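All chains are named by letter (A, B, ...) in the order of the sequence lines, taking the proteins before the strands, and each is independently numbered beginning at 1. As the structure is a computational prediction, the values presented were derived from the model and not from experiment.
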2 protein chains.
Amino acid sequence: MDWLDEIKWDANGLLPVIAQERGSKDVLMFAFMNRDALAKTVELGEAVYWSRSRQRLWHKGEESGHIQKVHELRLDCDNDVLLMTVTQLGQPEADASIACHTGRHSCFFQRLEAGRWQAVEPVLKDPEHIYK
Amino acid sequence: MDWLDEIKWDANGLLPVIAQERGSKDVLMFAFMNRDALAKTVELGEAVYWSRSRQRLWHKGEESGHIQKVHELRLDCDNDVLLMTVTQLGQPEADASIACHTGRHSCFFQRLEAGRWQAVEPVLKDPEHIYK
């Protein structure tokens with residue numbers, strides 16, 4: 001597909017992807033996709049990443065239930081970074097959605113304060129109860 | 001400095017960085033920092049990236065005037081991606097701030113529509129007038 005060919009995949013065939021929540025506009029996470037992952041993401045309308053640690057496609061939420069519904073894809077000026085607008089599903093009873101494997105809303109929960117990284121967002125659900 | 005040692009720099013000594021605008025919460029750009037760039041960013045309170053193409057520190061705005069004032073730094077759960085809250089300076093007369101070298105507000109201006117990447121954000125200033 002032409003639109004996939006326009007992307008400048010890196011030396012490992014990967015594309016950095018930023019997932020931003022619709023509505024709150026919070027940046028939830030950052031991960032990578034390869035060509036198959038991006039094609040699958042568009043096909044399903046749900047985020048499918050490439051797991052570098054497991055070296056396989058990773059349909060976000062496949063274990064946790066924390067699926068990301070995809071609304072919009074945007075490519076940057078260099079055609080080598082993707083910004084994705086998502087709705088983070090799977091935890092409707094929590095105060096906020098949960099994207100992070102630590103049970104927090106966003107993966108970006110460590111803030112630099114006076115020369116130290118401080119965790120500043122609460123754990124909304126114990127990871128032991130997310131990954132049963 | 002301890003907080004720099006806690007970061008998991010990649011094989012090239014780099015850290016992916018997402019710049020998000022304070023207020024609008026728009027994701028403006030994505031770039032990399034090395035250890036020196038991040039230390040300098042914190043020292044100046046302004047974004048200093050590592051330019052991979054030029055292989056040198058890149059004080060964003062040094063040519064264009066489009067300085068990024070840095071408000072907050074957040075590290076992700078794996079200690080290998082940085083989210084930075086910024087105010088994009090340098091173009092107070094425009095309808096929106098300009099972060100992209102194409103003269104657009106954000107680098108993420110190409111939206112996937114019906115299988116094509118479409119430029120959906122206006123050029124606010126001709127790049128020829130940005131880089132004199």
Give the minimum heavy-atom separation between Ser24(B) and Lys25(A), together with the two atoms involved.
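It is O-NZ, 2.9 Å.
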Which pair of non-hydrogen atoms, one from Asp80(A) and one from Arg52(B), has the smallest distance, and what is that distance?
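Of all heavy-atom pairs spanning Asp80(A) and Arg52(B), the closest is OD2-NH2, 4.2 Å.
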Could you state whether [X] and [Y] fall into the same hydrophobic cluster, counting links through intermediate Ile, Leu, Val, Met, Phe, Trp or Tyr residues with side-chain heavy atoms under 4.5 angstrom apart?
X	Y	answer
Trp9(B)	Trp58(B)	yes
Met33(A)	Val70(A)	yes
Leu28(A)	Val17(A)	yes

State plainly whether the residues Glu121(A) and Arg74(B) are in salt-bridge range, i.e. N to O under 4.0 Å.
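So Glu121(A) pairs with Arg74(B) through a salt bridge.
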For each of Arg111(B), Gln118(B), His101(B), Arg104(B), tally heavy-atom pairs with chain A at distances under 4.5 Å, and name the one with the top tally.
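The residue among Arg111(B), Gln118(B), His101(B), Arg104(B) with the greatest pair count is Arg111(B).
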With chain A, which of Arg116(B), Glu72(B), Met29(B) has the greatest number of heavy-atom pairs at distances under 4.5 Å?
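Top option by heavy-atom pairs under 4.5 Å: Glu72(B).
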For the residue pair Trp117(B) and Trp3(A), categorise the inter-ring angle as parallel (less than 30°), tilted (30 to 60°) or perpendicular (more than 60°).
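Ring orientation, 0 to 90° scale: perpendicular.
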What's the separation between atom [atom1] in [X] and atom [atom2] in [Y], rounded to the nearest 0.5 Å?
X	Y	atom1	atom2	result
Glu6(B)	Leu112(A)	CD	CG	9.5 Å
Ser106(A)	Leu83(B)	OG	CG	7.0 Å
Gln110(B)	Asp76(A)	CD	CG	7.5 Å

Among Asn79(A), Val42(A), Asp26(A), Leu73(A), which residue forms the greatest number of heavy-atom pairs with chain B at distances under 4.5 Å?
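Highest number of pairs under 4.5 Å: Leu73(A).
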Would you mind checking which part of [X] comes under 4.5 Å of any heavy atom in chain B, side chain (CB onward), backbone (N, CA, C, O), both or neither?
X	result
Ile18(A)	side chain
Phe30(A)	side chain
Asp78(A)	side chain
Ile7(A)	side chain

Take Gln20(B) and Val27(A) through the side-chain contact (heavy atoms from CB on, under 4.5 Å) test and state the conclusion after the steps.
CA-CA 8 Å; Gln20(B) 184 177 30; Val27(A) 175; 3.8 Å; yes
Is the shortest heavy-atom distance from the side chain of Leu82(B) to the side chain of Phe108(A) under 4.5 Å?
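No, too far: nothing below the 4.5 Å cut-off.
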Asp2(B), CG atom: more than 12 neighbouring heavy atoms under 6.0 Å
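Counting other residues, nucleotides and ligands, CG of Asp2(B) stays at 12 neighbours or fewer.
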